[in-house]
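Keep in mind the model is a prediction, meaning the values are calculated, not measured. Numbering of residues begins at 1 and proceeds along the displayed sequence.
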Amino acid sequence: MKQLKYLMLPLLMLPTLCACSDDEATTKPVIKGDTKEVTVGYEAASTRLTVTATEGYDITIEQEYAQWLSAEMQTDYSLNITCTENTETQSRTGRVILRKADVMWIFTVNQAGAPGEEEGEVEIAYEEMQVIFNMHFYSISAAEAKKIGVGRKLIIETTEMEGNVALSDANNAEIASLNLSDGVVSMNWTEEMAALAVEGMRVRLSTGTNNIVRVYTTAPDPEYFIDVPSATEM
């Protein structure tokens, strides 16, 4: 009889062991942001990012980015990212790493370069792709798109005087669509455009016979930046 009791004891413990395994599986922390990449202007600013988390997490910013980039978890587990002003005309990129146990989420932060008051033209390299349905397609890499700079004027010159030029991101989402005027289109490059073009972009000309002659940027349009009076001036 004693032997039978000893044999049954492991069987009676099985439901308890299974319950413990289930509990361990459900207690694994969750960290998930609503995006993996964010693009901000060159000015000093803070941005709040939505984070879904089951508990608090650790924040790591690598030393090479810590001079201009910081982050703080909020009470609702969202993340407040702060960038100092970028005084260089070159854009910069940093990473914010959220971690709890073996769970991790990484935010990539792109900050635009400062506009140069006397900065001249900057050439943007492009590659011809193909002609489809009588439309000419070109590509601009992510590295070249970053050179445009938020607030600068993007200019595209073509061989034909009339037609349409459309810009789209790497997933074919439209960035801008403009009609040619004497073979030229120009636009002020916004933060929204820069965010869409972070993985590169495509340029579509409305006719297969039209070709790009040149893509470049010029110094910012003064009308793009609006001076806001300080509290003492109001």
Side-chain angles (χ1 to χ4, degrees), residues 32-42 47 49-50 89-93 95 105-116 119-226:
K32 185 177 182 181
D34 62 343
T35 184
K36 287 192 172 182
E37 192 155 10
V38 59
T39 299
V40 298
Y42 71 90
T47 302
L49 303 176
T50 301
T89 55
Q90 182 67 36
S91 61
R92 56 191 181 186
T93 299
R95 300 196 313 166
W105 188 270
I106 299 176
F107 287 108
T108 299
V109 182
N110 302 305
Q111 186 176 30
E119 193 173 7
E121 297 176 353
V122 176
E123 297 293 328
I124 304 298
Y126 56 90
E127 293 184 7
E128 184 177 10
M129 294 174 65
Q130 54 190 331
V131 176
I132 304 177
F133 300 118
N134 197 34
M135 293 183 292
H136 212 155
F137 286 84
Y138 292 81
S139 66
I140 295 176
S141 69
E144 291 297 310
K146 282 185 178 180
K147 288 165 57 177
I148 299 172
V150 173
R152 289 178 61 83
K153 186 181 288 291
L154 175 64
I155 301 172
I156 301 175
E157 298 178 358
T158 67
T159 55
E160 296 185 359
M161 297 296 102
E162 298 179 351
N164 177 266
V165 176
L167 306 181
S168 60
D169 68 8
N171 297 312
N172 289 322
E174 185 177 282
I175 298 175
S177 180
L178 298 170
N179 291 325
L180 287 163
S181 175
D182 295 328
V184 178
V185 294
S186 65
M187 65 201 80
N188 287 321
W189 200 244
T190 66
E191 290 184 16
E192 292 78 8
M193 290 175 171
L196 287 170
V198 72
E199 295 181 0
M201 61 181 177
R202 297 172 182 173
V203 182
R204 186 189 73 236
L205 306 184
S206 58
T207 62
T209 56
N210 199 5
N211 296 277
I212 289 180
V213 174
R214 188 184 179 203
V215 180
Y216 62 101
T217 70
T218 63
D221 187 338
E223 294 182 359
Y224 177 79
F225 298 100
I226 302 173

Looking at [Y], is its backbone amide N or carbonyl O close enough to the side chain of [X] to form a donor-acceptor pair, meaning the two atoms are under 3.5 Å apart?
X: Asn164; Y: Leu178; result: yes
X: Arg152; Y: Thr218; result: yes
X: Asn172; Y: Ala170; result: no
X: Ser206; Y: Gly163; result: no
X: Asp34; Y: Leu49; result: no

With rounding to the nearest 0.5 angstrom, report the [atom1] to [atom2] distance, [X] to [Y].
X: Leu205; Y: Thr159; atom1: CG; atom2: OG1; result: 8.0 Å
X: Lys146; Y: Thr93; atom1: NZ; atom2: OG1; result: 3.5 Å
X: Tyr138; Y: Met201; atom1: OH; atom2: CE; result: 14.5 Å
X: Glu192; Y: Ile175; atom1: CD; atom2: CD1; result: 11.5 Å
X: Trp189; Y: Leu167; atom1: CH2; atom2: CG; result: 6.0 Å

Can you sort out the partners of Ile106 under side chain to side chain contact (heavy atoms under 4.5 Å, CB included), two or more places apart, ordered by chain and number?
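Here the qualifying residues are Arg95, Ile97, Met104.
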Side chain to side chain donor-acceptor pair (under 3.5 Å) partners for Thr108, two or more places apart
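Result, side chain to side chain donor-acceptor pair (under 3.5 Å) vs Thr108: none returned.
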Contacts of type side chain to side chain donor-acceptor pair (under 3.5 Å), residue Tyr126, not counting sequence neighbours
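Residues passing side chain to side chain donor-acceptor pair (under 3.5 Å) with Tyr126: none at all.
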Restricting to pairs with a member in residues 209-218, which pass salt bridge (charged side-chain N to carboxylate O under 4.0 Å, His left out), not counting sequence neighbours?
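Found Glu121-Arg214, Glu123-Arg214.
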Going by salt bridge (charged side-chain N to carboxylate O under 4.0 Å, His left out), name the pairs with one or both residues in residues 156-183, residues two or more places apart or in two chains.
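Every pair satisfying salt bridge (charged side-chain N to carboxylate O under 4.0 Å, His left out) with a residue in residues 156-183: there are none.
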Could you tell me which non-hydrogen atom of Val150 sits nearest to which non-hydrogen atom of Ala194, and how far apart they are?
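Reported closest heavy-atom pair: CG2-CB, 3.9 Å.
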Atom of Ala197, atom of Ala145 and distance for their closest heavy-atom approach:
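Nearest heavy atoms, Ala197 then Ala145: O-CB, 3.6 Å.
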Please determine which of Val122, Ile156, Ile155, Leu154 meets the side chain to side chain contact (heavy atoms under 4.5 Å, CB included) test together with Tyr216.
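Single pass found, and it is Ile155.
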Could you tell me whether Glu37 atom CD has more than 12 heavy atoms of other residues or ligands within 6.0 Å of it?
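Buried by this count: over 12 neighbours within 6.0 Å.
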Under 3.5 Å, side-chain donor or acceptor atoms of residues 128-135 against the rest of the protein: list the pairs with distances, not counting sequence neighbours.
unit_1	atom_1	unit_2	atom_2	d
Glu128	OE2	His136	NE2	2.6
Asn134	OD1	Gly208	N	3.3

